[in-house]
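These notes concern the structure reproduced below.
In this chain, numbering begins with 1 at the start of the sequence shown. Counting starts at 1 for both ligands and their atoms, following the listed order.
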Amino acid sequence: MIEDKVVIITGASSGIGEATAKLLASKGAKVVLGARREQELKQLVDDIQGDGGQAVYQVMDATSPSDNADIVELAKETFGGVDVIFLNAGIMPNSPLSALKTDEWNQTVDVNIKGVLNGVAAVLPTFVGQKSGHVITTSSVAGLKSYPGGAVYGGTKWFVRDFMEVLRMESAQEGTNIRTATIYPAAINTELLDAITHEDTSEEAAELYDQYGISADRIANVVAFAVDQPDDTNVNEFTVGPTTQPW
Ligand code: NDP
């Protein structure tokens, strides 16, 4: 059931997070939205409320443990608890390793890996205490296969796969009844490519997305499907891409 579930979404100010917030809210979820850009979050909350949905936002940086703790607190204060956390914030400033964009490597690790760790650390005591909860993450097809130009990004997404699988197993061993779902999107038309500063990589990615990109709504549908399953059922891993995708 989606209705009345309290769902925290990080990376909600655009793309996959935004589409998921709208869809879940339209199905009766109470959504708690986090990202750094306040104007986009505010607009999204206004749109959802205008359509009769329930939403609040908090400006947060996924790399900050205290910001993650604060958004969990906001969910509890506003809606009385938290049922689902969709750890979706991420960046993909791809480039060849020889370009030595080490600041971007570090930022990618900070957002894509530490952001997930911070989010899980913030919510896990609540989920363990209530013996229920759902952790959903956005990995990538780059978390299943290797792509030149994506060594660091891919590594962060491989990390997410391992981390989520162990979370699933430990939750089963410990009897905490926590559900997990990891999503592996292919090319989704969002703002993700805007962060690529390496010119050739940027052009190649734009061409690939022109050919194979699909709407963020497709990922929102999958998140909704996972949330909608019975509380004792884990639908765990989804790859999502167009039928034309040969890579
Ligand atoms: P967008 O760039 O549209 O969205 C990324 C979101 O992450 C934004 O809301 C952005 O908000 C947020 N974000 C970035 N850095 C931070 C930070 N430090 N703290 C908090 N929020 C942050 O791209 P997508 O919707 O495509 O990306 C969502 C997820 O999907 C990412 O994890 C991405 O890796 C993954 N993915 C995307 C694919 C694609 O083809 N688009 C394919 C596979 C996976 P703000 O800037 O306001 O903070």
Side-chain angles (χ1 to χ4, degrees), residues 8-23 31-45 57-68 70-71 85-94 104 106-119 122 136-145 147 149-150 152-161 163-164 181-196 202 204-220 222-223 237-242 245 247:
I8 297 172
I9 301 176
T10 69
S13 59
S14 60
I16 291 169
E18 178 185 4
T20 305
K22 284 183 176 160
L23 182 67
V31 295
V32 181
L33 309 176
R36 292 166 304 173
R37 286 172 294 171
E38 180 160 22
Q39 196 46 46
E40 281 76 357
L41 290 173
K42 191 173 179 317
Q43 183 64 53
L44 178 57
V45 165
Y57 75 85
Q58 185 202 299
V59 174
M60 54 109 50
D61 191 321
T63 66
S64 156
S66 65
D67 282 6
N68 280 272
D70 288 348
I71 199 166
I85 193 162
F86 180 29
L87 297 169
N88 165 72
I91 57 170
M92 189 185 75
N94 282 356
E104 292 181 356
N106 285 317
Q107 183 65 11
T108 306
V109 167
D110 284 347
V111 180
N112 297 7
I113 293 183
K114 294 184 191 166
V116 170
L117 295 177
N118 291 336
I136 304 175
T137 51
T138 320
S139 177
S140 167
V141 288
L144 299 168
K145 297 180 198 172
Y147 296 97
V152 177
Y153 178 75
T156 66
K157 296 302 187 180
W158 283 68
F159 165 84
V160 170
R161 182 179 202 201
F163 179 81
M164 291 294 285
T182 310
I183 303 173
Y184 302 88
I188 313 299
N189 294 321
T190 65
E191 298 177 15
L192 194 70
L193 304 190
D194 295 356
I196 301 176
S202 173
E204 281 166 26
E207 273 176 35
L208 184 103
Y209 276 63
D210 277 349
Q211 191 169 0
Y212 298 108
I214 59 173
S215 157
D217 294 342
R218 316 289 168 84
I219 306 300
V222 171
V223 176
E237 294 200 302
F238 303 86
T239 59
V240 188
Q245 175 199 336
W247 36 275

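At least one heavy atom of Met60 sits less than 4.0 Å from an atom of ligand 1. Heavy atoms of Thr10 come nearer than 4.0 angstrom to ligand 1 in no pair at all. Note on ligand 1: Ser139 sits in its first shell, one or more heavy atoms being nearer than 4.0 Å.
Taking only non-hydrogen atoms, the option from Thr156, Leu41, Thr138 nearest to atom 30 (O) of ligand 1 is Thr138. Residue Tyr153 holds the heavy atom nearest to atom 36 (N) of ligand 1 of all those in Tyr153, Tyr184, Tyr212.
The shortest N/O to N/O separation between Ala62 and ligand 1 falls below 3.5 Å. Checking only distances, Val141 never comes within under 3.5 Å of ligand 1, N or O to N or O. Residue Gly11 places at least one N or O, backbone or side chain, under 3.5 Å from an N or O of ligand 1. Residue contacts with ligand 1: Pro185 is placed with no nitrogen or oxygen under 3.5 Å of a nitrogen or oxygen of the ligand (distance criterion only). Considering backbone and side-chain atoms together, Ser140 places no N or O closer than 3.5 Å to any N or O of ligand 1.
The atoms of ligand 1 that sit less than 4.0 Å from any heavy atom of Gly15 are 3 (O), 25 (O). Per-residue contacts place Leu192 under 4.0 angstrom from the following atoms of ligand 1 (heavy atoms of the residue considered): 1 (P), 2 (O), 23 (O), 26 (O), 27 (O), 33 (C), 37 (C), 38 (C), 39 (C), 41 (N). Counting atoms of ligand 1 from 1 in the listed order, those under 4.0 Å from a heavy atom of Ala187 are 40 (O). Of all the atoms in ligand 1, the ones that sit under 4.0 Å from a non-hydrogen atom of Ala186 are 38 (C), 39 (C), 40 (O), 42 (C), 43 (C). Taking every heavy atom of Ala12 and a limit of under 4.0 angstrom, the matching atoms of ligand 1 come to 9 (O). Near Ile16, meaning under 4.0 Å from one of its heavy atoms, ligand 1 places the atoms 25 (O), 26 (O), 30 (O), 37 (C). In summary, the atoms of ligand 1 found under 4.0 Å from a heavy atom of Gly90, numbered by their order in the structure, are 5 (C), 7 (O), 14 (C), 31 (C), 32 (O).
Neither the backbone nor the side chain of Ala195 comes within contact range of ligand 1; no heavy atom lies under 4.0 Å. Of all the heavy atoms of Asp61, the ones lying under 4.0 Å from any atom of ligand 1 are found in both the backbone and the side chain. Looking at Lys157 against ligand 1, only its side chain comes within 4.0 Å, counting heavy atoms. Contacts with ligand 1 closer than 4.0 Å are made by side-chain heavy atoms of Tyr209 only, the backbone lying farther away.
With rounding to the nearest 0.5 Å, the separation of CG in Leu144 from CD in Glu237 is 7.0 Å. For the atom pair OG1 of Thr108 and NZ of Lys114, the computed distance is 12.0 Å after rounding to the nearest 0.5 Å. Rounding to the nearest 0.5 Å gives a distance of 10.5 Å between CG of Leu192 and OG1 of Thr138. Once rounded to the nearest 0.5 Å, the distance linking CZ of Phe159 with CG of Leu117 reads 4.0 Å.
Counting protein heavy atoms only, atom 31 (C) of ligand 1 is closest to Asn88 O, 3.2 Å. Regarding atom 16 (C) of ligand 1, its nearest protein heavy-atom neighbour is Arg36 NE, 3.5 Å. In this structure, the protein non-hydrogen atom closest to atom 11 (O) of ligand 1 is Ser13 OG, 2.8 Å. The shortest contact between atom 26 (O) of ligand 1 and any protein heavy atom is with Thr190 OG1, 2.7 Å. Considering only non-hydrogen protein atoms, atom 3 (O) of ligand 1 sits nearest to Ser14 OG, 2.8 Å. Nearest protein heavy-atom neighbour of atom 21 (N) of ligand 1: Ala89 CB, 3.6 Å. Counting only heavy atoms of the protein, atom 41 (N) of ligand 1 lies nearest to Ile188 O, 3.0 Å.
At least one donor-acceptor pair under 3.5 Å links the side chain of Ser139 to the backbone N or O of Lys157. With Asn112 contributing its side chain and Gly90 its backbone, the two residues share no donor-acceptor pair below 3.5 Å.
For Ser13 against Ala35, the heavy-atom pair with the smallest separation is OG-CB, 3.4 Å.
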Item to complete: Quick one: do Arg37 and Ser14 satisfy side-chain contact (heavy atoms from CB on, under 4.5 Å)? Show the steps, please.
Response: CA-CA 9 Å; Arg37 286 172 294 171; Ser14 60; 3.1 Å; yes
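For the pair Thr10/Met60, a side-chain contact is recorded, criterion being any heavy-atom separation below 4.5 Å from C-beta on. The closest side-chain heavy-atom distance from Phe238 to Ile136 is not below 4.5 Å. Counting heavy atoms from C-beta outward, Phe163 and Thr182 have side chains that stay 4.5 Å or more apart.
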